[in-house]
2 protein chains.
Amino acid sequence: MHATLQEHIIKRLGKVPERFEEVAKAFEPLRPKRGTYLLQEGDVCKYVYFIVEGCLQVFVIDKNGNESTREFYTEEQWVTDIFGFKNQQASEEYIKCVEPCKLLRIHYDAFQHFSAEVPAFAQIYQQILELSYSSTVYRVNTLTSLDALDRIKWLMENKPTLMSRLSNKLIASYLGISPETMTRLKGKL
Amino acid sequence: MHATLQEHIIKRLGKVPERFEEVAKAFEPLRPKRGTYLLQEGDVCKYVYFIVEGCLQVFVIDKNGNESTREFYTEEQWVTDIFGFKNQQASEEYIKCVEPCKLLRIHYDAFQHFSAEVPAFAQIYQQILELSYSSTVYRVNTLTSLDALDRIKWLMENKPTLMSRLSNKLIASYLGISPETMTRLKGKL
DNA sequence: TCAAATCATTGACATTTATCAAGAGTCGTT
DNA sequence: AACGACTCTTGATAAATGTCAATGATTTGA
């Protein structure tokens, strides 16, 4: 699994990073099965996860008990609850495997250590931050400026693999609509 | 105006930063009046803005011509279209002064230069990134998991100054509801 | 300070979306 | 391969929110 990580890093950095072996050792492999929670509301998020294979759902639960998905993450993406992780505070989010996964995780302590000590690591972290922030900004804009049907179209055009990979119900929770509305609107396409 | 910037940086960094004078020179003061656009859809965003005084609205315009506000920024906050700025690509957002403002702006070239050359600058940038990302994540979760009334309550509890400082119409565009609904729901509190 | 423009509020009505329920279908696990 | 659990779809209905229009209030910039 570490080979995938190395390839990913080379892609990002354009070179084999300094001290890669050392950093790689801090990444612990993990093969959670479908349905496993990596984080629950109230937990302190102690890890950043790198997805070698599989799909993670990050969501909150509203007052009616419904899941609202903030984001789905798949192969070669980085996942954490950034606020809870950075401040080592109780999280408001859940992170759950919606497929059997192959993951690598790095602990908060190691993360802090390498951020400070290995410039290439800090550099990649910053790239990930910028990308994650950009895509979350984009997400806010689609949520507020598009109606339900246009959000579905948007997802089909921009993340077609998610659309086919995940259940109707999960997609609906990502788009902020009920599964029934999702079914009905898909009929209008 | 540079004094405000220095104070802000000292607060963030916990010390007077190295090479502050040099960096400060790259920040150009600006006093746009209410209604001024700092960025329009299709423009390439060439600056990061620091707000000394005033309030900026970042928004998109939907297919019906309505504004959807992604965020409001006020004193001592940093504003840009992160994606367009980082990639120097056409933006999809507008940035507009909703009050007369006192701003400092730094150009893309200087920003890149100091990011690479002045560690303290890079460090502050990363802090801003983390904070901005965290708050945008939070925003996604409130938008998808709360209904209109709870979003109003949330804003009143968490950003009361925005609530009193901005018009009903602007607040409504931030909460993703129509001004009429906003008026009606406020009556239910 | 005043005139023009914008904004807030309210009512009537339309539209969108949610909810609940039930049956058929699908999927995962053993 | 079969069981059980979950999911999808559809219909009927309810609830939430949007739209349009009119009036009065407020704000702003000259």
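Please read these numbers as outputs of a predicted model, since none were measured by experiment. Residue numbers begin at 1 in each chain, while the letters A, B, ... track the order of the sequences.
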Quiz item: Is the number of heavy atoms from other residues, nucleotides or ligands within 6.0 Å of NZ (A:K86) greater than 12?
Solution: yes

Exercise. Check the distance between C:dT10's P and B:K186's NZ and give it to me in whole angstrom.
Key: 11 Å

Quiz item: Taking atom types as modelled and ignoring hydrogens, do the side chains of B:E93 and A:N141 form a donor-acceptor contact shorter than 3.5 angstrom?
Solution: yes

Self-check item: Length of the CD1-P vector between A:I177 and C:dA18, whole Å
Solution: 7 Å

Quiz item: Looking at B:R34, does any N or O in its side chain come under 4.0 Å of the phosphate oxygens OP1/OP2 on D:dT28?
Solution: yes

Quiz item: Just how far, in rounded Å, is P of D:dG18 from CG of B:D147?
Solution: 12 Å

Quiz item: Which residue lies toward the 5' end of DNA chain D, B:L185 or B:K33, if each is placed at its nearest nucleotide?
Solution: B:L185

Quiz item: Looking at the side chain of A:N168, which of D:dT9, C:dA18, D:dG11 is the nearest nucleotide?
Solution: D:dT9

Exercise. On DNA chain D, check which nucleotide each of A:R184 and B:S178 is closest to and give me the residue with the more 5' one.
Key: A:R184

Quiz item: Whole Å only: how far is the CD atom of A:E67 from the C1' atom of C:dA18?
Solution: 17 Å

Quiz item: Tell me: NZ of A:K63 to C1' of D:dA16, nearest whole Å?
Solution: 12 Å

Quiz item: Does NZ or CZ of B:R19 fall inside the cone over B:F114's six-membered ring, less than 6.0 Å from its centre and within 45° of the axis?
Solution: no

Quiz prompt | Distance test, side-chain N/O of B:S167 to OP1/OP2 of C:dC7, below 4.0 Å | solution = no

Quiz prompt | C:dA18 phosphate, OP1 or OP2, under 4.0 Å from A:T181 side-chain N/O | solution = yes

Quiz item: Rounded to the nearest Å, what distance is computed from the CG atom of residue A:N66 to the P atom of nucleotide D:dA16?
Solution: 15 Å

Practice problem: Report the distance from atom CG of A:N64 to atom P of C:dT19, rounded to the nearest whole Å. | Solution: 6 Å

Exercise. Test for a donor-acceptor pair under 3.5 Å between the base of D:dC20 and the side chain of B:E180, counting only N and O atoms.
Key: yes

Practice problem: Would you indicate what A:G176 reaches in the nucleic acid, counting non-hydrogen atoms under 4.0 angstrom: base, sugar-phosphate, or nothing? | Solution: sugar-phosphate

Practice problem: Return the value, rounded to whole Å, for the distance between atom CG of A:D62 and atom C1' of C:dA18. | Solution: 12 Å

Quiz prompt | Salt-bridge present (B:K46, B:E28; N to O < 4.0 Å) | solution = no

Quiz item: Could you go step by step and tell me if A:F83 and B:Y138 meet the ring pair (Phe, Tyr, Trp, His ring centres under 6.0 Å) rule?
Solution: CA-CA 9 Å; A:F83 188 78; B:Y138 207 90; 7.8 Å; no

